[in-house]
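Heads up, the thing below is written out as structure tokens.
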There are 2 protein chains.
Amino acid sequence: MLVKETDQDTEKLIMETAKNIFFGEGRFNATTQEIADAAGVNRTLINYYFRSRDKLFEIVFEDAQRQEQELSEQILNTNLPLKEKLSQHLDNFFEQSKKYPYLEIYMVTQANQGCAFKDKDKMGPLLDKFYLEIALEMDKGNIEKMRPEQFVLNFISLMSFPISMRPLIQESMSLTKEYYDTLLSERKEIIIRTLFKQ
Amino acid sequence: MLVKETDQDTEKLIMETAKNIFFGEGRFNATTQEIADAAGVNRTLINYYFRSRDKLFEIVFEDAQRQEQELSEQILNTNLPLKEKLSQHLDNFFEQSKKYPYLEIYMVTQANQGCAFKDKDKMGPLLDKFYLEIALEMDKGNIEKMRPEQFVLNFISLMSFPISMRPLIQESMSLTKEYYDTLLSERKEIIIRTLFKQ
DNA sequence: TTTTGCATTGACAATTTTGTCAAACATAAA
DNA sequence: TTTATGTTTGACAAAATTGTCAATGCAAAA
């Protein structure tokens, strides 16, 4: 076998760089040249490894999707009480968001333009179990009564929106970068307090 | 004055079409040809009226910004009690969102790429007054105690996220279009109940 | 009717971006 | 060292996108 130590590295490097440009910097229509420059490689290597620009995009998109999926499945599979489960997911999410704040927006713009989603199958049963848990907490009076789906919408909204829309919110509310960071650092506690009755 | 009845109409038509393509359909990198085709006009008319593609984008962006701004100022200026104020804003927002579900995402992707925001000046005092109102309701015990900015974050998150991220959420939660619409129609009441103690 | 001023058009040029290819390169195996 | 195999490169071609321009059209004013 002929394997240089940089062999798969270049391919990975290009992928990582593309992910950074898309999900990290939000430059969704970066050219292959820009990606190559950022990766410090020859542009045609993108064609060599990924055949075409579209293929690279496709692969990176699927990677992002998988990443999100895994994060969701992780939380759904643990056996912690609901509040702790959500608490932990908030940690995971905020951690990932530091690296890829534009991940979700990218996925929306792509999902929109006719991009097939995968692996929705396993999610079904997991979600149903999750909904049941939520309903149980409602019965116990720990959270407001509503459709479980609404509770999930509330949760992901409170969690994601301030991250994905940061540039817009920060500007329109005239907040400094530092103050916004402060707000974000308090977010976890705020979200839990907003969703759960004391 | 020589004014054909279609004179300013063409310019407006192009703008409206661009707005629909960007904010309505979310096709953020539509070409001038695609916009012209959708508007049913010759492509070069875009250059004639807007000089360049970038200028058209700029104008449409500022228009979107103004639209959002006006919606925000409207709510801040009325003298209704907080809960009614937010309630009314939710109506306005959901109404506008039907036409332009991708408006906010577009603004984020632009804000990101170095786009100057305007008219932040008047917002300052209005926001401060709003924060005071919120603090007052907290003192009265009607809403959970937190920084007013956090309350505002909560509000816009719960309001905007399910709209702007719809393609992503609907897919990943495996919901039908019809069911998602049902959820959205219940949203207003859910949000108010989530933000205010009973 | 003729003129005037703007609107519209198609052909063309310029630019940007992407994709191909043969040649050069590097490294492990023979 | 030579060979074989996969990697990297620059030059080139192809495609896509944008911008310019002169010519034409059209309606109101002279």
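In what follows, chains are A, B, ... by sequence order, proteins preceding strands, each numbered from 1. All values below come from the heavy atoms of this structure, side chains included, with hydrogens, waters and symmetry mates left out.
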Next on the checklist: Output the rounded distance in Å from CD1 (Ile46(A)) to P (dT9(D)).
Outcome noted: 12 Å
Checklist entry - Going by the salt bridge (Lys or Arg N to Asp or Glu O under 4.0 Å) test, which pairs reach into residues 18-27 of chain B, not counting sequence neighbours? => result Glu16(B)-Lys19(B), Lys19(B)-Asp63(B), Glu25(B)-Arg27(B), Arg27(B)-Glu34(B)
Item to check | Rounded distance in Å - CG (Asp9(A)) to C1' (dT7(D)) | outcome: 13 Å
Checklist entry - In whole angstrom, what separates Glu11(B)'s CD from dA7(C)'s P? => result 9 Å
Checklist entry - Counting only side-chain N and O atoms of Thr10(B), is one of them less than 4.0 Å from OP1 or OP2 of dT8(C)? => result yes
Checklist entry - If you look only at pairs with a residue in residues 156-198 of chain A, which of them pass as a ring-ring contact (aromatic ring centres under 6.0 Å, His included), with sequence neighbours excluded? => result none
Checklist entry - Phe22(B): what forms a ring-ring contact (aromatic ring centres under 6.0 Å, His included) with it, not counting sequence neighbours? => result Phe57(B), Tyr106(B)
Item to check | Listed partners of Lys55(B) passing side chain to side chain donor-acceptor pair (under 3.5 Å), at least two apart | outcome: none
Checklist entry - What integer distance in Å separates Ile14(B):CD1 from dT8(C):C1'? => result 11 Å
Checklist entry - In chain order, what residues pass the salt bridge (charged side-chain N to carboxylate O under 4.0 Å, His left out) check against Arg193(A), with sequence neighbours excluded? => result Glu189(A), Glu144(B)
Checklist entry - By a strict heavy-atom criterion of less than 4.0 Å, which residues belonging to residues 25-39 of chain A are in contact with DNA chain C? => result Thr31(A), Thr32(A)
Checklist outcome for this item: Residues at least two apart in sequence or cross-chain that pass ring-ring contact (aromatic ring centres under 6.0 Å, His included) with Tyr100(A), listed by chain then number, are Phe23(A)
Item to check | Polar contact flag, side-chain donor to acceptor under 3.5 angstrom, Asn92(A)-Gln96(A) | outcome: no
Item to check | side chain to side chain contact (heavy atoms under 4.5 Å, CB included) partners of Lys98(B), counting only residues at least two apart | outcome: Glu95(B)
Checklist outcome for this item: Taken to the nearest whole Å, CG/Leu45(A) to P/dT20(C) is 14 Å
Next on the checklist: Can you pull out every salt bridge (Lys or Arg N to Asp or Glu O under 4.0 Å) where at least one residue sits in residues 176-187 of chain A? Sequence neighbours excluded, please.
Outcome noted: Arg166(A)-Asp181(A), Lys177(A)-Asp181(A), Glu186(A)-Arg147(B)
Within the sub-3.5 Å range, which N or O atoms of nucleotides 10-12 of chain C have a protein N or O partner, and how far apart are they?
| from | atom 1 | to | atom 2 | distance (Å) |
| --- | --- | --- | --- | --- |
| dG10(C) | OP2 | Asn42(B) | ND2 | 3.1 |

Checklist outcome for this item: Side-chain contact check for Tyr48(B): nearest option of dT18(D), dT8(D), dT8(C) is dT8(C)
Item to check | d(CZ, Arg53(A); C1', dT17(C)) in whole Å | outcome: 8 Å
Next on the checklist: Quick check for you: to the nearest 0.5 Å, what is the distance between Ile105(B) atom CD1 and Ser164(A) atom OG?
Outcome noted: 8.0 Å
Item to check | Asn47(B) CG to dT18(D) P, straight-line distance once rounded to whole Å | outcome: 9 Å
Checklist entry - Among pairs that include at least one residue of residues 126-135 of chain A, which meet side-chain hydrogen bond (donor to acceptor under 3.5 Å, both in side chains), considering only residues two or more places apart or in two chains? => result Lys85(A)-Glu133(A)
Next on the checklist: So if I take the C1' atoms of five pairs at each end of the helix from dT1(C)-dA30(D) to dA30(C)-dT1(D) and get each local axis, what angle do the two axes make, rounded to 10 degrees?
Outcome noted: 10°
